[in-house]
Structure formats: structure tokens, C-alpha cells
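Data block below; observations after.
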Amino acid sequence: FTVAVFLFLYSYAVSSKIEPFYKGGKVQISKDEKYIFCTCGSRVNVLEISTGKIIHCVEHDDQEDITSFALSCDDEMLVTASRALLLKQWDWRQANCTRSWRAIHTVPVASMTFDSTSTLLATGGCDGTIKLWDVVKQYCTHNLKGSSGVVHLVQFHPNTDLLQLFSSSLDCGIRIWDLRSSQCVSVLQSHYSAVTSLSFSPDGNTMVSSGRDKICTVWDLKTRKAKRTVPVYEAVEGVVILPGSTDLTEIGVKSKDLHFITAGSKGVLRVWEASTARCVYTQTLPSTLPSASEEDENDNPRSLTYLFHLPASARLATVTAEHNILLYQLPALTTQQQFVGYSDEVLDVKFLGKGDSHIVVATNSCQLKVFELLTNSCQILYGHTDTVLTLDVFKKGSLFASCAKDRSVRVWHMDSDSGQVRCVAQGSGHTNAVGSIACSRMKASFVATGSQDCTVKVWDLPADCSAEGGIRQLTARATEKAHDKDVNSVAVSPNDKLLASGSQDRTAKLWSLTGEGTVGLLGVFRGHRRGVWAVCFSPVDQVLATTSADGTAKLWSLQDFSCLKTFEGHDASVLKVIFVSRGTQLLTSGSDGLVKLWTIKTNECVKTLDAHQDKVWGLHASRKDDKMVTGSADSNITVWSDVTEIEMAEEQAKQEDQILKQQELSNLLHGKKYLKALGLAISLDQPHTVLTVIKAIREGENSSELLEKTLLKLRQDQKESLLRYCVVWNTNARNCLNAQAVLQVLLTHLPPEELLQYQGARSHLEGLIPYTERHMQRIGRLLQASMFLNYMWQKMRVAGAPSSNRVIFEKLKSILVTRGQRFAIGEALSVCAKNTPPPPASGICRKYQCFCYLKN
């Protein structure tokens, strides 16, 4: 039979992070369609599309916000502009700034673009001027004046032979600049609001412009006249002319005429036929999300701010007002990937799916976000109409429940094959925000909720709630006025027979779920000094864990409701608690941004994890206990892996290596190979071992020469370490002679210039001086004491004493000088006793009287 070895958890390490990478501003996709560039304050983040990871980041040293940036068409060069009026050129793959220059604009740069040759850079400023830069020869080639207000759009004509630049500013016109003459050759007037984007046909003869005045205009660039104005009935932020060579019948393109696609305030993509000004296709929204009305279009969170065409992969990319980036596959416009640029405050997070492959996140919004951990691709779930507050997952991991400020409860199901999530049930009945929810543990039979209306409800789930069909209605089988204040947390016991609740009224309560249609109170846990934030049942013992705003976590007995243990360590409110390691350890998270791992038996905090800058609201462990996930108010979601076994293996390997080196050191000392021994001891960074080697050298014959020869053969870094050790040794009277011997060699044979180049040499030498002076004073006092001893010896010499007394005296004198006055008396007495016959019974010998006199 096999015996399972159980290990306590001792450490976690960050395995991946989902953090904000886009907070509004410009977005650009590389020409090879592998990377997304987006602004985030003073940084430009580079997101790899295939993995969803931030692989590069460039940041201005002055921490000034980046107002615009542009990536060259060959994907080699990135230029950024900041509020400090500086332009910086980057090798973005190395995050290395290769060049920096003044923008000449008197106010920040609002827009930037490269031409197709990647040699000309155009910058549009808030001062109404446009400047062109030759980035190869590094000088300003044009200064174009005439625009009124902020130049928010600059774009080169795709045909480089024409040398034309298009721009738009607050006057709502589109200016065409001839770069040969540096003159504005035409102003295209059609829009009555800001022009947001331009799209050119492949032959360069036709252009479509979009604006916030809810129209798109088709231009003939040969005649510079408007061919058609298309009313689109929404503020348009992006327009793309669809390629005529691709079969796009699935989205309504059934003729060879010019078609274009728009993205705007309604949050949907629409395809238009230019010749008839007719909408031939409208993207369908999720069934749970109503279309935006005329009144709330401006505040629609799904409104689109950018639209890009990725011709190589036949995809479209959009950016939403909520900072989400979506990739659609043509021709069917199916959602391929979705990245969340900014999650706001993370309120709860749970593992989800088979093998915990996904996480579901509640942020400070009415949508839920489901991330695939492998690619960071995200699904956004619509259904709640107000902020989602908390989540819980059923045992199998494919079904989970959520509750929100909209007073409702929703149950969601994830398809195990496609990974798609849909709402399968909903219920409402609370009279205030629902702040806590717990799912049944044994099977998906019910959910329990706690609300700010001070009640606890138990909701029965339909037996076939995961089956295909519409959204079923949940009914509450039991409602109980549970507390005097808000219910912050509820938990269901592993056998589904008990319910625990924690409240702002500083108590936790235990309820029975076995009654028909009722929830029976079994007992009250009292002891916290402030509101209870979380409750959690042990998976193996009859105990309950609670956390509170008083900064403690407590363990309670379910038998007599007494407090068994209190865990103190957080500096602020403890917000979440879970059991790990089969119920033998606790994980807690707090308002101090820390996650702590506790061993219950010893009350010891064995690890503190610090990866967040704000309250850690979300904390959940995987079913195998090998991972956990945390979510914080700093918008970061961190996935942690258990590295206990790895760290223990590393520690064991380190100890074995130390043992081998110690054995090698002993062999070297035994063989008197002092140079190798000293080098090995220094590499181990063990000052005491180095001191042992120094002592061994000094105890041999010709010690001074041997020490000098050995020390001078050391490398410079080894001499630096030796000087650092000498400072420590010199503080101890017992080791000062060895320190002084080493210093004598270093100071005698090394020039001062070389010594001062050593790291920390000045501070080391300053630390040596006061202790060296103290040792000199001590040796002076010892010398005086030895002279006094010499005088006493001469005056008290016994007539006819053996000549060996002089030898004894010399031994005594040497003891006083080398050992120090405090420790010398006892040793001197022992020398005298060994070399002098015992005193007669009738009296005491004069030598003993001498030492008694000295001792007294």
C-alpha cells in the first residue's frame, strides 16, 4: 500500500497577473497584427494578442502623461509625446529610448502618424499647427499653419508619390496639405462636428470620413468633392472601407459597390452600402443587453471609440468606452478575443471551469468578466443592472451565482466545451442591495443570500437549470430577519445542513437549514469588536472561521460557540478568509493589501504575501489547493501558485551544497591549502569560517609571511569581502588581533587609491578607527599592569628560589598582555599552581599572597 505524505503550505509565488494596461487614449495595432499598443498614463503598454500578456512597456522618466504616440509602418520605431512637450523615439522591443527632442509645439501634441515609408512623422498640436519630422535625418521638415484649435487627426495619403497629408481640427473641415509646397490645397467641408476618422480605398481615389454629427461622407479625391452623405444616426468614432476582394455576403455585402463599416455610440458594428446610403447589416447584441436609446447613447458603456481593420488575418478590432478591446473574425463578425484594459475596483474573484481554467471577476460595474487564464481573453456577462458585489461557485465549477446592488440574484452556467457562459436563472425579493451569496456544497440545489436589508434568504434551484432554455425564475423557500445591521457574508457547511452569517452588528450566527421552509437559529458567536466581514466553514472540523474590521480572524467551535483561537497580524480590516491544506491552515486577506497564510495548530503566520496596493476583496483557492487567486481595489488580479515543494527542494539542495563545501573546506584546512580554503570561505559568505582560516594561518610557522602571501593572492572582490569582515571582527576584543593582522597586510601592500575603490571602503575605514583606538588604550593599560607585576615580583622574590621562577613570570606577563586584564588572573593562578609546591599547612606561600593581592 502507499502512504500519502501531507505537507503544510509554506509559500506562494505569483504565477500570472491580470492588470490594467489601457485607461483611455490612443490605441494602435502593429502591421504584423501581433501586438496592440495602448496608452496607460505615463506608459505605452505592448500587449501580445496571442497570449493576452503585456510583454513590453515604455515609460517616460518624468512620469508625465503620454498624450499621443505613433508606431512606424515597419513596426520598428515608436515615438511618444508627453505633456512635457518632449518627443521620444524608442526601440520598443528593448524598452530603450534612442532619441529625445523638443516638440517645438507650444502646447501638448494631440495626434501623430507615420507615413508608409516610416521616414516622415506628422504631429498635430493643440496650438493648431502641424509639424513634420524626418526621423532618419532628425530634423523638422515642415511647419504647417492654418488649422483652428486642436489638430486631433492627422493622416498621410496611402500613395506616397502624392506627398499629401490630411488633417482635421475644431473647425470640422478636412484639410489637404501638399507637402511639396507646404500649402493647404483644399478644405473638405461636410461635417458639422468633429471628424473622428478617415478611411481610404485601395486605389486611393475615394475616402470615407466619419464624425460625431452622425453622418459619414464619401469623397472623390480627384475632384475633392463629396460623392454622397450617409446618415448613420449615431456619433461615429471609426470607419473602415471593406475590401472588395473578399466574400462578405454574411454581413450583407452582395454587390461590388463600395461598402464601409462604422463603429460608434450605439456599441454595434454596422455595414453600409455607399451608393444607396443603406445599412445592410447590423451586429446583434447579447440577448441580456438592451439596445441603447437616444437618451442614453452618450453614456452607453458599450459605445465604441476605435475601429481597425486587420487585413492579413481578416479581422476587425474595436475599442469600447469601458476600455475593452474586441477582435472579430470576418466575414461573420464572430467574437474571437476580448481583452479588458481596465477593471476598476475588483470586488470578488473565483476560479471557474474544468480544471480551474477560468476565473470569474466582479468589478465595480454591472457586468461580470470571465477570463481564460491561458490567454487572458475575456467574456463580458451582461444581466445585472447595478454593481455586482460578490460571487460563489458550485462544487463542479461550471455553475456559479452572483448578487448585486440591483437586489437580484443570478445563476450562470459555463459550457464545458465552448467555454461560453450564459445566465440560466434569476431571482429577486430583497428590499436592498444583496451583498453576500453562498452556494450549496454537496450538489447544486440552493443558494443562500444575505442583504443590507438585514435578512437572509434561501433560494431553491430548478433541477434542470443548466439545460438549454430561457432564464428560469428563482423562488425563496425561506426568509429570516437575521441581524440588526447589514449582512456582510454567508456560508454553507460542507454537508448543506448549516448556514453561517456575519454582520456589521459585530456578531456571526449559526442557522439550521434542515427545517421545511424555515431557517432556525442555533447560536450566536460574540467576540469581535467591530463588524464581521467574512465567515467560512472548515471542510473537516466542526469549526467556523470569521474575520472582522477589528483586524483579527477567529476560530469558533460549532458545539458551544466559544472562541478557540484568535489570529492577529493584519494592520486593518480582515476582509476574507478561506481554509486550505485540508482545513489545517487559513488564508486571510485585508484592507492593508496583504494576504497571510496561518497554521491553525501553532497560531503562526508562516507567510505574508504582498502584491497589492489596496484592499484585497477577492480571495479564492483552487479545488486542488495548488493555486489561489486574489483581487484588489487596485484593479489587479493575481494568480498564485503553491511553491512549497519547490522551495523546500531548493533549500535542501542549498543545505547539501553547504555541507559539501564545509567538508571541502575542512579538507583544505587539513591539507594546509590556505588560499583555496580562504577563497571558498569567502564565497560561502561566512565571516566566522573565514576567521577560522585566518586563525589557522596565524597558528602555523612563519605566520606573518604566510598570511601576507595568502591575502595578496586573493581577487579584488575577495579582498573587499575580507575588509568588510574585518570591521565586524575588530569590534570584539577576542578577534581584534586577527583583524589587525589582516588590516596590516592590506594597508601595507595596497595603495590608498585602490583601497578607496572598494565598495563601502570609506564607511568601513571609519568604522575601524574608534575600535582600534579603544584596543590601543586597552593594551596600554595591560602594559602598565604587567610593569606593576614585574615590580612586585622583584620585591617579593624568595631567596634561594629555583631559576624556573623567571620562566613562570614571563608566562604570566604574556597572559596579561594577550588575554586582557579581566580574564588573565584566573589563568595566571593556574600557571603558578602548576609550577609551585603547595603551601605549608601552617601558612600561605608568598606567591599566593602576591596573586591574592593583585586579585583584590
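Any value given below was found using the heavy atoms of this structure, including those in side chains, with hydrogens, waters and symmetry copies removed. Predicted model only: the values in this text are computed from it and were never measured.
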What do you reckon, is [atom1] of [X] surrounded by more than 12 foreign heavy atoms closer than 6.0 Å?
X: K145; atom1: NZ; answer: no
X: K53; atom1: NZ; answer: yes
X: R228; atom1: CZ; answer: yes

Let me confirm one number: the [atom1]-[atom2] distance from [X] to [Y], rounded to the nearest 0.5 Å.
X: S15; Y: W640; atom1: OG; atom2: CH2; answer: 9.5 Å
X: I261; Y: L269; atom1: CD1; atom2: CG; answer: 4.5 Å
X: K131; Y: W133; atom1: NZ; atom2: CH2; answer: 7.0 Å
X: M77; Y: S118; atom1: CE; atom2: OG; answer: 6.5 Å
X: L71; Y: Q28; atom1: CG; atom2: CD; answer: 5.0 Å

Are [X] and [Y] packed together at the side-chain level, in the sense that at least one heavy-atom pair is separated by less than 4.5 angstrom?
X: Y22; Y: C40; value: no
X: F371; Y: V361; value: yes
X: F260; Y: V218; value: yes

Worksheet item: Between E273 and R278, is there a salt bridge with N-O shorter than 4.0 Å?
Response: yes

Discussion item. Under a 3.5 Å threshold, yes or no: a donor from one side chain and an acceptor from the other, between S313 and E33?
Written reply: yes

Item to complete: Answer with yes or no whether the side chains of T217 and S190 bring together a donor and an acceptor at under 3.5 Å.
Response: yes

Item to complete: Any chance you could lay out the ring-ring contact (aromatic ring centres under 6.0 Å, His included) test for W92 and F37, step after step, and finish with the verdict?
Response: CA-CA 10 Å; W92 58 270; F37 292 74; 5.0 Å; yes

Worksheet item: Run the side-chain contact (heavy atoms from CB on, under 4.5 Å) check on V46 and I36 step by step: do they pass?
Response: CA-CA 6 Å; V46 184; I36 300 174; over 6 Å; no

